[in-house]
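What follows is a short report on a single structure.
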Amino acid sequence: LAKTTQPISMDSYEGQEVNITCSHNNIATNDYITWYQQFPSQGPRFIIQGYKTKVTNEVASLFIPADRKSSTLSLPRVSLSDTAVYYCLVGANNNAGNMLTFGGGTRLMVKP
Amino acid sequence: DVKVTQSSRYLVKRTGEKVFLECVQDMDHENMFWYRQDPGLGLRLIYFSYDVKMKEKGDIPEGYSVSREKKERFSLILESASTNQTSMYLCASTPIGFRKNTEAFFGQGTRLTVV
């Protein structure tokens, strides 16, 4: 899997839009970009996945520029319950065997 | 819904004991993983299995072994528990497939304390 780099932490306030950027300079042609959210004392939860341009679901949007060397997770109008650690993963495998390796993640703190 | 179930939420064991952490998934996923998570260190991969009886070492396999006798079950074994293995252990599974195999489903975790 391609190595990823994210900010260690971010602070925001309720109602703001939060953008977390992940760098993945060595992304391969077949790689997808996947983001996870983890609350304290729980396992990570899949949020969104994309390959290029923009993907949006009920939780977040994912923006991927043309060179795909970075991606930005966008959380609209965050609330206190969005306080969590967010992980960016890059990879794919056409065969069985994909060592899912997480980086350090970004700790988002949403304040009232 | 995909369900990944870990056998215990909290576990306390003594130093030197042999410890089994069990994980079961009900979605016929090929890939299963064991991680440990410690404050400030994120999620670190211990072992990974991509098929029955197949396993690969992750980043920190020392002191651990695994068993995958059935597709749905992946066990993590601490042969002789030590205090530095006190941690949160997380199990995950993913299907294979070009797009899907980074969409992992996690269990709730087992908080193991070795005393």
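By convention in this document, chain letters (A, B, ...) are assigned in the order of the sequence lines, proteins followed by strands, and residues within each chain are numbered from 1.
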Check the hydrophobic clustering (I, L, V, M, F, W, Y; side-chain heavy atoms under 4.5 Å; chains of links allowed) and say if [X] and [Y] are grouped together.
{"X": "B/Tyr35", "Y": "B/Phe48", "result": "yes"}
{"X": "A/Ile20", "Y": "A/Ile27", "result": "yes"}
{"X": "B/Tyr89", "Y": "B/Ile77", "result": "no"}

Query - side-chain contact (heavy atoms from CB on, under 4.5 Å) evaluation trace for A/Gln38 with B/Leu90 - result: CA-CA 12 Å; A/Gln38 186 181 25; B/Leu90 288 156; 3.9 Å; yes
Query raised in the report: With a cut-off of 6.0 Å (strictly less than), are more than 12 heavy atoms of other residues, nucleotides or ligands near CZ of A/Arg107?
Result: no
Requested in this report: Kindly check if the number of other-residue, nucleotide or ligand heavy atoms within 6.0 Å of CZ (A/Phe39) is above 12?
Outcome: yes
**Report entry** chain A contact via B/Arg9 - side chain, backbone, both or neither, heavy atoms under 4.5 Å
**Finding:** side chain
**Report entry** Proximity breakdown for B/Gln37 and chain A, heavy-atom pairs closer than 4.5 Å
**Finding:** side chain
Query raised in the report: Considering all heavy atoms of both residues, which atom of A/Ser41 and which atom of B/Met88 are nearest to each other, and what is their separation?
Result: CA-CE, 4.2 Å
Query - Selection from A/Pro44, A/Gly105, A/Gly104 maximising heavy-atom pairs under 4.5 Å formed with chain B - result: A/Pro44
